[in-house]
Q: 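Sharing a structure below in structure tokens format, with a few things to ask.
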2 protein chains.
Amino acid sequence: MIGTNARVSELAALLKLLGDQTRLTLLSYLKQRELCVCELVDVLNVSQPAISQHLKKLRLAGIVQERKQGTWVYYSLNQQLPDYVSVILKALPDQQLPSCDNPKCCE
Amino acid sequence: MIGTNARVSELAALLKLLGDQTRLTLLSYLKQRELCVCELVDVLNVSQPAISQHLKKLRLAGIVQERKQGTWVYYSLNQQLPDYVSVILKALPDQQLPSCDNPKCCE
DNA sequence: CGCTTATATTATTATACACTTATATTAAAA
DNA sequence: TTTTAATATAAGTGTATAATAATATAAGCG
């Protein structure tokens with residue numbers, strides 16, 4: 001038998017990260033534009049801590065980045081994603097977000 | 001909040017399937033050529049039933065196909081894979097298999 | 001300051017899943 | 001026809017992980 005290949009491990013980890021319905025849904029919205037955490041919480045079917053944890057994983061994997069502004073945190077896709085990630089994002093539906101109902105956050 | 005999107009679910013399931021080190025390793029070998037199950041068992045670090053189970057999942061997902069010949073079963077990549085799957089396969093290393101030591105199986 | 005709001009972290013729990021061992025199936029060989 | 005070899009299925013187990021509830025942090029506002 002043959003030892004573990006580092007590139008395969010890395011790819012597997014990244015695909016496992018993407019192979020989650022909640023995270024893919026987050027990305028399908030972030031694909032359109034930068035979004036505030038509160039918008040993502042409103043739109044998904046899970047608790048705020050769950051969203052926060054998913055966003056952290058996506059951030060640590062280099063897929064999204066955060067921008068803090070006062071109490072609010074805005075997330076957006078990173079530029080410079082590997083090809084296979086870009087292709088996956090392209091395969092996601094273009095989900096339209098209802099406009100934010102918090103004027104403080106989303107002016 | 002917004003209901004589940006079927007395309008996102010489907011994609012998530014497929015990426016979860018691919019997000020496994022053992023399955024990705026199998027694919028990195030199958031990428032080169034059709035292989036007998038026995039070859040894959042020899043080359044990986046897990047038991048024969050584990051390989052068998054992984055191959056079944058890949059087959060049910062339409063990623064590989066089987067060809068039975070006597071006692072032996074040969075697996076190969078399916079043609080006509082979705083773009084994002086092809087791109088992932090391209091990102092896999094081109095792993096070279098040592099030649100099969102079973103003359104009956106691999107002539 | 002104390003209160004509220006936005007987000008993150010922690011602890012816990014439940015489910016999914018990859019693996020192993022044991023057994024079944026099927027085909028070829030003896 | 002019994003045995004052996006190749007693969008598949010079944011049952012059971014341990015670990016990873018996604019979720020929640022509870023709490024912490026931190027900023028803005030009265």
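The structure displayed is predicted, hence computed values, not measured ones. Below, chains carry the letters A, B, ... as their sequence lines are ordered, and counting in each starts from 1.
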Q: Just how far, in rounded Å, is P of dA8(D) from OH of Y74(B)?
A: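 Rounded to whole Å, this separation is 13 Å.
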Q: Tell me: CD1 of I51(B) to P of dC17(C), nearest whole Å?
A: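 Interatomic distance, CD1 of I51(B) to P of dC17(C): 19 Å.
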Q: Tell me: CD of Q48(A) to P of dT20(D), nearest whole Å?
A: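 These atoms are roughly 11 Å apart.
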Q: Judged by each residue's nearest nucleotide on DNA chain D, which is more toward the 5′ side, C36(B) or Q53(B)?
A: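 Taking each residue's closest nucleotide, the earlier one in sequence belongs to C36(B).
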Q: Consider the side chain of V37(B), meaning its heavy atoms from C-beta on, and name the nucleotide among dA18(D), dT7(D), dA8(C) that approaches it most closely.
A: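 When the side chain of V37(B) is considered, dT7(D) is the closest of dA18(D), dT7(D), dA8(C).
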Q: Do the side-chain N or O atoms of T22(B) get closer than 4.0 angstrom to the phosphate oxygens (OP1, OP2) of dC19(C)?
A: yes
Q: Could you give the CG-to-P distance, from L55(A) to dA6(C), as a whole number of Å?
A: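 It works out to 16 Å between those atoms.
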Q: S28(A) side chain to T25(A) main-chain N or O, any donor-acceptor pair under 3.5 Å?
A: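 Confirmed, S28(A) side chain pairs with T25(A) backbone.
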Q: Tell me if a side-chain donor or acceptor on K31(A) pairs with a main-chain N or O of L89(A) at a distance below 3.5 Å.
A: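 Yes; at least one donor-acceptor contact below 3.5 Å.
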Q: Using whole Å, what does the distance between atom P of nucleotide dT17(D) and atom NZ of K57(A) come to?
A: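 Nearest whole value for this atom pair: 6 Å.
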Q: Contact class for R59(A) vs. all strands (heavy atom < 4.0 Å): base, sugar-phosphate, or nothing?
A: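 Here R59(A) touches no strand at all.
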Q: Within the 4.0 Å heavy-atom criterion, would you say K56(B) contacts the bases, only the backbone, or no part of the nucleic acid?
A: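 If one applies the 4.0 Å heavy-atom cut-off, K56(B) turns out to touch the sugar-phosphate alone, with no base involved.
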Q: Can you name the one residue among L30(B), L35(B), L81(B) that meets side-chain contact (heavy atoms from CB on, under 4.5 Å) with V64(B)?
A: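 Answer to the side-chain contact (heavy atoms from CB on, under 4.5 Å) test with V64(B) among L30(B), L35(B), L81(B): L30(B).
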Q: From dT7(D), dA10(D), dC19(C), pick the nucleotide closest to the side chain of A50(B)?
A: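 Among dT7(D), dA10(D), dC19(C), the one nearest the side chain of A50(B) is dC19(C).
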Q: Could you tell me how far apart E66(A) (CD) and dA8(C) (C1') are, to the nearest whole angstrom?
A: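 Checked: the CD to C1' distance equals 10 Å.
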Q: Rounding to an integer number of Å, can you tell me how far L26(B) CG sits from dT7(D) P?
A: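 Rounding to the nearest Å, CG of L26(B) and P of dT7(D) are 13 Å apart.
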Q: Can you tell me which nucleotide in dA18(C), dT7(C), dT7(D) comes closest to the side chain of R23(B)?
A: dA18(C)
Q: Using a cut-off of less than 4.0 Å, is there contact between a side-chain N or O of H54(B) and OP1 or OP2 of dC19(C)?
A: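 Yes, within the criterion.
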Q: Closer than 3.5 angstrom, by distance alone: can the side chain of R23(A) be matched with the main-chain N or O of L58(A) as a donor-acceptor pair?
A: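 No: the side chain of R23(A) does not pair with the backbone of L58(A).
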Q: Separation of L15(B) atom CG from dC17(C) atom P, in whole Å?
A: 14 Å
Q: Please figure out whether V46(A) or Q69(A) has its closest DNA chain D nucleotide nearer the 5' end.
A: V46(A)
Q: Just N and O in the side chain of K16(B): are any of them under 4.0 Å from OP1 or OP2 of dC17(C)?
A: yes
Q: Checking N5(A) against L24(B) for the side-chain contact (heavy atoms from CB on, under 4.5 Å) test, could you report, in this order, the C-alpha distance in whole Å, the side-chain angles of both residues, the deciding distance, and whether it holds?
A: CA-CA 10 Å; N5(A) 180 298; L24(B) 272 195; over 6 Å; no
Q: Of all the nucleotides listed (dA6(D), dT5(C), dT9(D)), which has the minimum atom distance to the side chain of S52(B)?
A: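 Given the options dA6(D), dT5(C), dT9(D), the side chain of S52(B) is closest to dT9(D).
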Q: For S47(B) and dT20(C), is the shortest distance between a side-chain N/O and OP1 or OP2 below 4.0 Å?
A: yes
